Structure formats: C-alpha cells, structure tokens
Amino acid sequence: MNLNFWILDIAHEVKKEKPQILLWCIDSNNKKVLVIDDTFLPYFYVLPKEKVDIKSLTSKILALSTNITNIELADRKLFGKPVKVLKITFRDPGQAIKLQKIISKLEEIQECYEYDVRYPLRYLIDNQLTPCGWHQTEVEEIKSKNYKVDAIYQVKKTPKPIEEAKIPRLKVLAFDIKCYSKRGLSTKTAADPVITISTATNNGLEKQFIATDYNDKKAIQGFAKFVQEFDPDCIVGYESNIFDWLYLGQRAKNLKIKLDVGRPGEPHTSMYGHVSIAGRANIDLYDFAEDIVDIKVKTLENIAEFLGTKIKPLKVDETKIPELWDDKKLREKLLEQSKNEVKTIIEVSEKLLPFAIQLSNVVGLPLDHVGAAAMGFRVEWYLIRQASLEGELIPSRFEKQYFPYRGAIVLAPKPGIHENVAVVDFSSMYPALMIQKNISPDTFVSEDVGVKSTEVNIAPEVGYKFRKVPDGFYKRVLSDLIKVRRKIKTQLKKLDPKSIEYRILDARQQAIKTTTNAVYGYNAWLGAKFYFKQVGEATAAWGRETITKTIEVAKKLGLQIIYADTDSLFIKYEKPKVEKLIETVREKLELEIELKDIYERIFFTEAKKKYAGLLKDGRIDITGFEVVRGDWAEIAREVQEKVFEIILKEKTPEKAVVYVQEIIQKMQANQIPYEELIIWKTLTKSPEEYEIAAPHVSAAKILLKAGGRLDAGDKIGFVITKGAGRLTDRAKPYSMAKLEDIDTDYYVNNQIIPPAHRILESFGVTEDQFKMVKKQKTLFEFK
DNA sequence: GCTTTACTTGTACCT
DNA sequence: ACAGGTACAAGTAAAGCG
C-alpha cells in the first residue's frame with residue numbers, strides 16, 4: 001500500500017546486528033505511525049594517500065573489523081575537485097567513531113570523512129527526506145507490540161518527499177515541575193521531592209500530579225501514565241531540557257521507578273543537550289525565546305507578555321515554595337500558580353511552534369534538535385545537506401587558531417538633531433556579494449595558481465581571487481535560498497495575514513532569512529566544518545568597497561551624509577536625489593538598495609551605533625542607547641526614553657531637565673518602585689572563574705551561598721545598597737534587599753544622570769544642573 | 001598618601 | 001558555539017602630585 005506521512009521524529013535501533021531507521025510519523029489521516037526502513041546501512045569515506053594500491057588497501061581495511069560489510073570506490077569532490085575515495089559500509093552505527101580511529105592509523109590513509117554524520121541524519125540526507133515534511137512510499141503493515149502507535153509499517157521502497165505545505169494537527173502537552181527545596185536544587189542528586197507536576201494540553205485538558213506531602217513517587221508515576229494516555233506528539237516546557245526532565249529523571253532513578261513517557265521509552269539527553277523522547281518531539285521553548293533579542297530577561301512571564309498571550313502568568317518565587325507547601329492553606333495558591341504557568345506555556349507554544357517546525361524543515365534538523373542547536377549548527381546542517389547532494393565531501397571539524405580580520409566600516413555620525421533624514425540600506429549585502437563575486441571555498445584561487453585576471457573576481461584590499469565560473473557552492477546555495485524566500489513572499493501577498501497558511505509561510509520565510517544571513521558569519525566561525533577565512537575576509541572587503549562607493553555616489557549627488565554603518569546610510573532626505581542614488585547603485589554596483597525609513601527628526605551623539613529618531617507616524621525608534629540595553633535599571637531606561645521623547649517631539653531640553661530633576665527627587669525620597677531599580681547582568685561563566693570583582697558576580701556568589709541554582713548564561717538581578725566601599729561589595733541579589741536598603745546616590749549618579757546627560761549635554765546641559773532644586777523657572781539659557 | 005589616568009575585563013549592543 | 005566594530009562601566013594598577 002501507499003502511505004503519505006509527515007516526519008515528526010527520527011531514531012534508529014540495532015536488532016540482531018541489523019540497524020534500522022525508525023521514522024516516527026503522522027499520516028494523512030492524522031494517525032500516529034512508525035515507518036521502519038532496515039535497508040540502509042551506515043558508512044563513511046576514506047581518502048587514501050596518492051599512489052596507494054586500492055585493492056590491497058581495501059583488503060587491509062576489511063581485515064580490521066568484522067563490522068564492515070562492504071568497501072567500494074566512490075567519486076566525490078573535495079572543495080569542488082574530483083577525488084576517488086573508499087566508501088566503508090558497516091553494520092553497527094554505534095561503532096562509526098571507533099572504526100574511523102582504527103582506519104585512520106593506517107599509513108595509506110590521508111583522511112576519513114563524514115564518520116561523525118549520525119546514522120539517522122545520514123539516512124534523511126541521502127534520501128532527501130526532511131523532518132517536518134511530507135513524504136510518500138510503498139509500505140507493508142507489520143505487527144508488533146513494541147511500539148505505541150496506531151500502525152507500524154515496513155518500507156518497500158525508499159520514501160520520497162512530496163509537495164505539501166500543510167502541517168498535521170499536533171497534540172501538544174505542556175508540563176512544569178515544582179520542587180520542594182530549602183537549600184537549592186541539583187539536577188544531579190535531586191534530593192528533594194517534586195511537589196507538583198502540572199500539565200496542560202492544546203485541547204484544553206489540565207491535570208496536576210501532586211505529591212502526598214513530601215512523597216513524590218505517585219505523582220511522577222501518575223504524570224508518566226497521563227503522558228501515555230494523552231499521547232502527545234509534542235511535549236513542551238520552559239527550560240525543560242536543562243531542568244525539568246533532568247530533575248524528573250534523577251528523581252525517578254532515586255525512587256527506582258520508570259519514567260516511561262515515550263512511544264515507549266525514557267527521556268535521554270542527546271545532541272546539543274536536548275532531551276530526546278522516542279516518538280515525540282520534546283521541545284524546550286526557552287531555546288526559541290533565547291533568539292528573541294527584544295526580550296532582555298527571558299523569563300516565561302516576559303516571553304508571554306511579549307508574545308501577547310491571553311493568560312497572564314503569576315510569578316512564582318522559587319525560594320518561597322517550601323513556605324507555601326508547608327502551610328496546607330497556602331498550597332492551593334502554589335498549585336494555582338503552577339497551573340497558570342503551564343497554561344501559559346501552551347499559549348507560548350502556539351506562537352513559537354510554527355517557526356520551530358519551519359526551521360526544522362528548512363535546515364533539516366529534527367524538530368526536537370533544532371531549537372537546541374546554536375545558529376552555527378543550524379547553518380551547518382543546511383550546508384551539509386546541500387553539499388552531500390552535490391557529491392561534496394563534508395570537511396571534518398578541527399581546531400583552528402583565531403585569526404581576526406577587518407570587518408565593516410562605521411562612520412562617525414554628525415552629532416546633534418537632524419530633520420528629515422532617510423535611511424537606505426542594502427538588502428542582505430553579504431549574501432548578495434557572495435553571489436555576485438562568486439565567493440566560495442571551491443572558487444577560491446590560491447596565489448600559486450596562475451589565472452587570467454579576466455577569469456577571476458579580485459577582492460579589494462585583501463587581493464583574494466575567486467573564479468567567475470562555474471558557480472561556487474555558496475552562490476548556488478544562497479541563490480536558491482533567496483529564490484525560495486522571494487517566492488514565499490509573493491505567495492504571502494495573496495494570503496490573509498490571519499490565516500494558518502500565512503502563519504506557516506511567514507514562519508518559513510523568516511527561517512530562510514536567518515539561515516541566509518548567517519552563512520557569511522558561519523563561514524568565518526572557527527568551529528565551522530566549512531571554515532574558510534578568505535571567504536569571510538573577501539566578503540567583508542567587498543562590503544567596505546560597496547558602502548564606500550555608495551557614499552561617494554551620494555556625495556556626488558549633493559546628498560548630505562549623516563551616518564553609515566556596514567550596509568546602511570543615513571542621509572538628509574531629498575526625494576529625487578535619493579531615488580537617483582538607489583537607481584545608480586542598482587545600475588553600477590548591481591546590488592539592491594532600498595529606502596528603509598524616513599525620520600522626521602533624528603538625534604546622534606558623537607558615539608557610533610547609537611541614535612534615536614522620530615518616525616513620521618509618531619513612533620520613536622531608539623538604537624544602541626541605554627533604553628534598549630538590558631543591563632541598566634528600568635528607571636534609567638525610562639528616564640532616557642522620556643528625555644528622547646521630549647527632545648524629539650517637543651524640542652524643549654529645559655523641560656527634559658526639569659523632568660530629570662523630578663525623577664532624581666523621587667529617587668532621593670525613595671519613591672521609585674523597587675522593581676525599577678533592579679539591574680540585570682548575564683553570568684557568562686561560573687562565579688569562581690571571574691578574574692575581577694564585579695557587582696553581578698558578587699551578587700551571584702551570595703545567591704549560590706544561599707543555595708540558589710546558577711549556571712553560566714543566567715541573568716543575575718541585583719541592586720546596589722547603602723554602605724561604604726566598592727559597588728561590588730554593596731551589590732545584593734534583588735530578592736535579598738528592600739527599598740530602604742537602596743543606595744539612592746548610586747542610582748542618581750550612576751543610573752539616572754549618565755544616560756540623561758549623554759543626550760542633554762549636546763544642548764549645553766551640565767551634570768550639576770540635574771541636581772539643582774527648582775528655584776527659578778529657567779535655570780539656564782538656550783539658543 | 002591621595003587623586004588622576006591608563007589599562008583590563010566584562011557585557012551588551014549594531015549591522 | 002555566526003562575524004567584526006563599538007560604547008561604556010567598574011575595578012585596578014600605574015603615574016602624577018605635593
């Protein structure tokens with residue numbers, strides 16, 4: 001029979017020494033099915049040294065392991081150059097690395113390739129199957145009680161992808177645990193009980209599994225049973241990969257119970273630190289929240305607020321949990337909070353899952369992996385897939401020395417207020433240049449190779465040469481990505497922005513955009529398999545040339561340049577001249593440049609990468625300043641924002657000064673809410689590792705001492721309290737201080753005044769003026 | 001011995 | 001764990017001062 005199926009998850013098993021691919025799928029009738037293919041064997045490539053006798057090498061390798069089933073000569077390419085390699089096919093996917101190590105030791109071997117491409121992903125790539133995509137093949141139903149699905153099929157033919165944009169109806173379950181702990185939680189020992197496991201589903205079910213006082217055995221068992229009953233396709237949580245699953249797993253181990261939540265199977269940590277659950281896509285929404293740069297402190301509450309969920313989560317103070325639990329009257333409150341939290345997680349998942357699904361499908365990483373994989377790995381998997389299809393050998397990852405190179409140009413802005421300013425910028429400048437100049441590892445011509453200058457593009461400043469023909473790897477990949485995205489954008493125009501189709505396609509074009517834009521950076525990343533520094537250097541050099549030429553054109557047209565950064569240009573807006581500029585650039589540089597914004601009024605200090613502008617619609621757009629920085633107290637940001645508003649909308653610096661004075665007075669009178677005084681800073685390593693003393697580090701150390709759970713990457717919220725000595729010694733975790741403890745002088749002098757003064761100093765305001773009490777109406781003169 | 005300056009470390013931002 | 005370019009705070013060591 002023929003089966004259409006959508007791939008949710010992929011795994012493999014070895015049965016009686018025979019590996020088989022397990023595709024966990026949803027069919028067109030929304031049945032959960034398992035599709036098994038046992039015809040595919042793992043393999044990798046071996047590049048022999050020159051002049052090595054292939055026949056004798058083959059028998060030599062064959063003798064090394066009984067695991068090897070076949071060795072054959074294969075034609076592949078290495079940076080575009082054809083090479084003959086040996087394809088080593090073997091039985092046990094788990095032996096790949098070990099096998100590679102043995103073979104590498106042979107003196108006839110130059111190098112081994114692709115031994116680190118995991119077996120299930122290898123299967124997907126070789127057969128052009130995509131996670132979160134539809135496929136079709138001929139299958140035969142088989143009976144087995146080993147898997148919890150509606151049907152199990154054995155493939156008769158290798159599956160093929162089919163065009164179908166629809167996403168099956170997925171059953172989603174959100175969960176969250178709360179633990180009883182007075183001294184901090186360790187996911188390694190999990191000494192304290194889980195007091196509640198809350199769940200909510202995307203079809204409105206809500207269930208809580210509550211410990212009987214301090215015994216969580218039944219709660220955990222109940223939860224696992226419920227997961228099996230509800231049988232979700234996706235399990236979502238918030239920080240669930242780094243906490244909830246690990247803690248539950250450890251509790252289950254301690255209690256000697258099974259945490260069977262898969263189809264079937266227990267959760268286990270896998271690639272990129274994600275927790276894998278057989279047959280389901282386990283997704284930690286925190287991974288996707290991390291990519292939202294507008295949210296500075298990535299709590300669930302902040303994410304929910306940003307995404308505009310209906311339910312407003314009640315903040316749970318983790319340190320208060322034991323108190324609430326110990327008092328049976330207060331337990332209800334805790335349970336209510338937890339229930340609220342999972343309902344929020346479900347709502348957040350509704351907003352984030354469409355993007356996750358599209359990202360998975362675009363880059364080719366399984367849905368449960370893709371969020372946990374950093375940007376570099378997402379791009380890499382996309383490139384691996386494309387390169388493999390073209391017969392290109394995937395370079396191995398190896399350690400490289402850091403070698404910084406010159407990047408983009410940033411002009412010093414013209415400080416002050418400017419009226420009527422246009423911003424023009426290049427659309428995807430680096431990808432466009434890589435395509436135009438055919439910049440790629442396989443088109444690179446090394447110095448010792450003689451070529452006619454007409455055959456190559458030569459990068460300015462750095463002098464690297466790239467062949468004009470044939471099209472390089474990056475040109476092919478990037479043109480394809482851009483073409484597909486353009487097609488989606490045209491389709492989008494015909495759709496209702498509220499429709500499901502629109503949301504799916506829009507999420508898809510976003511996924512393509514981020515991938516496209518990250519290719520340049522990926523290539524120059526030390527960890528990249530495809531690392532090729534000349535490509536990055538040359539692209540940046542051509543970028544500098546491009547913006548420089550554009551500035552020249554603008555100047556020749558008589559346009560006044562106010563600021564420029566990398567691929568954007570701020571100019572005094574004169575419609576005909578700007579139109580001419582865009583046209584000239586299009587013709588002469590053959591690059592797309594567009595009018596992005598027109599500011600009615602825009603303000604610059606002397607600093608680069610900072611400006612605040614008033615748009616035609618009345619919106620104020622602030623870039624780079626403290627307002628948009630997460631490491632300033634809210635009061636500081638609020639004051640600066642208000643100052644910008646007064647300056648840009650009313651053009652009355654004196655009014656701004658009065659406003660700042662008022663805030664300072666409030667601050668001194670302890671009238672600013674405590675929450676607005678919290679400063680958040682990221683801990684980039686564990687506190688002991690710091691070389692220097694810093695406020696957020698000392699606050700973190702206090703938290704740790706009190707039994708807090710802290711990891712590198714955590715945001716520390718602290719306040720500066722009264723007293724003598726360094727700030728560092730007066731920084732306290734915000735949960736351990738009160739408004740009365742606050743050092744108001746610090747907040748006035750170090751938080752409120754500097755950001756306000758940075759703006760107002762260009763109007764002649766001095767720092768002292770902020771602290772003057774309102775004695776007379778005019779404190780100073782303006783021109 | 002105190003203040004000023006120069007430098008280092010650390011964080012977050014921009015394109 | 002995508003790149004380089006940039007601003008700025010806080011701590012600290014060195015330099016300047018009398």
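Values in this document were obtained by computation on a predicted structure and should not be read as measured data. Lettering of chains follows the sequences in order, A, B, ..., and the numbering in each one begins at 1.
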Let me know the distance between CG of A/L526 and C1' of C/dG4, rounded to the nearest Å. 13 Å
Sugar-phosphate only, base, or nothing, as touched by A/G527 at under 4.0 Å among non-hydrogen atoms: nothing
Which nucleotides of nucleotides 6-12 of chain C have their base under 4.0 Å from a protein heavy atom (B), which only their sugar-phosphate (S), and which neither (-), written as one string 5' to 3'? SSSSSSS
Heavy atoms under 4.0 Å, any strand shown: does A/V628 hit a base, just sugar-phosphate, or nothing? sugar-phosphate
According to the interplanar angle, ranging from 0 to 90°, do the rings of A/F763 and A/F603 count as parallel (below 30°), tilted (30 to 60°) or perpendicular (above 60°)? parallel
Within this structure, what is the CG-to-P distance between A/N523 and C/dA1, rounded to whole angstrom? 19 Å
From A/S360 OG over to A/H369 NE2, what is the distance, rounded to the nearest 0.5 angstrom? 10.0 Å
Between A/Y464 and A/F444, what is the ring plane arrangement, given parallel below 30°, perpendicular above 60°, and tilted in between? perpendicular
Rounded to the nearest 0.5 angstrom, the OG1-CG distance for A/T623 and A/D565 is 10.5 Å
I'd like to know whether A/E461 forms a salt bridge (Lys or Arg N to Asp or Glu O under 4.0 Å) with A/R544, so could you lay out the CA-CA distance, the side-chain angles of the two residues, the decisive distance to 0.1 Å, and finally the verdict. CA-CA 10 Å; A/E461 299 179 73; A/R544 291 193 295 274; 3.1 Å; yes
Considering all heavy atoms, the nearest A/V363-A/V370 contact: CG2-CG2, 3.7 Å
Can you pull out every salt bridge (Lys or Arg N to Asp or Glu O under 4.0 Å) where at least one residue sits in residues 356-385 of chain A? Sequence neighbours excluded, please. A/D291-A/R378, A/E380-A/R397
Tell me what A/K715 touches on the nucleic acid: a base, only sugar-phosphate, or nothing, going by heavy atoms under 4.0 Å. sugar-phosphate
Whole-Å distance, A/I716 CD1 to B/dG10 P, equals 15 Å
With a non-hydrogen cut-off below 4.0 angstrom, is A/G521 in contact with a base, only sugar-phosphate, or nothing? base
How is A/K533 classified with respect to the nucleic acid when contacts are heavy atoms under 4.0 Å: base, sugar-phosphate, or nothing? nothing
Trace of the side chain to side chain contact (heavy atoms under 4.5 Å, CB included) decision for A/V748 with A/K771: CA-CA 9 Å; A/V748 169; A/K771 283 185 181 171; 3.9 Å; yes
Quick one: ring pair (Phe, Tyr, Trp, His ring centres under 6.0 Å) pairs with a partner in residues 421-442 of chain A, sequence neighbours left out? A/Y430-A/Y520
Between A/T684 and B/dT11, does any side-chain N or O lie under 4.0 Å from OP1 or OP2? yes
How is A/Y611 classified with respect to the nucleic acid when contacts are heavy atoms under 4.0 Å: base, sugar-phosphate, or nothing? sugar-phosphate
Residue A/W525, side-chain atoms from C-beta onward, closest of C/dC2, B/dG10, B/dC13: C/dC2
At under 4.0 Å between heavy atoms, what does A/R406 touch on the DNA or RNA strands: base, sugar-phosphate, or nothing? sugar-phosphate
Phosphate OP1/OP2 of B/dA12 contacted by A/T682 side-chain N/O (<4.0 Å): yes
Just checking A/Y272: base, sugar-phosphate only, or nothing, at a heavy-atom cut-off of under 4.0 Å? nothing
Taking the six-membered ring where the residue is Trp, are the ring centres of A/Y611 and A/F570 under 6.0 Å apart? yes
Which whole number of Å gives the distance between the P atom of B/dG10 and that of C/dA1? 16 Å
By a strict heavy-atom criterion of less than 4.0 Å, which residues belonging to residues 283-301 of chain A are in contact with DNA chain B? A/K296
Specify whether A/F377 and A/Y272 have parallel, tilted or perpendicular ring planes, treating 30° as the upper limit for parallel and 60° as the lower limit for perpendicular. tilted
A/K400 has an atom NZ; how far is it from atom C1' of C/dA1, in whole Å? 12 Å
Given atom CZ of A/F377 and atom C1' of C/dA1, what is their separation to the nearest angstrom? 5 Å
Check whether any side-chain nitrogen or oxygen of A/H696 sits under 4.0 Å from OP1 or OP2 of B/dG10, and answer yes or no. no
Who are the ring pair (Phe, Tyr, Trp, His ring centres under 6.0 Å) partners of A/Y113, not counting sequence neighbours? none
Answer with base, sugar-phosphate or nothing: what part of the nucleic acid does A/G536 contact at a heavy-atom distance below 4.0 Å? nothing
Report yes if some heavy atom in the side chain of A/S428 is under 4.5 Å from a heavy atom in the side chain of A/N517; otherwise report no. yes
DNA chain C-proximal residues of residues 423-442 of chain A, any heavy atom under 4.0 Å: none
Side-chain N or O of A/Y690 versus OP1/OP2 of B/dT11: is the shortest distance under 4.0 Å? yes
Give the rounded distance in Å between these two atoms: CD of A/E537 and P of C/dA3. 14 Å
Taking NZ from A/K529 and C1' from C/dA1, how many angstroms apart are they, rounded to a whole number? 14 Å
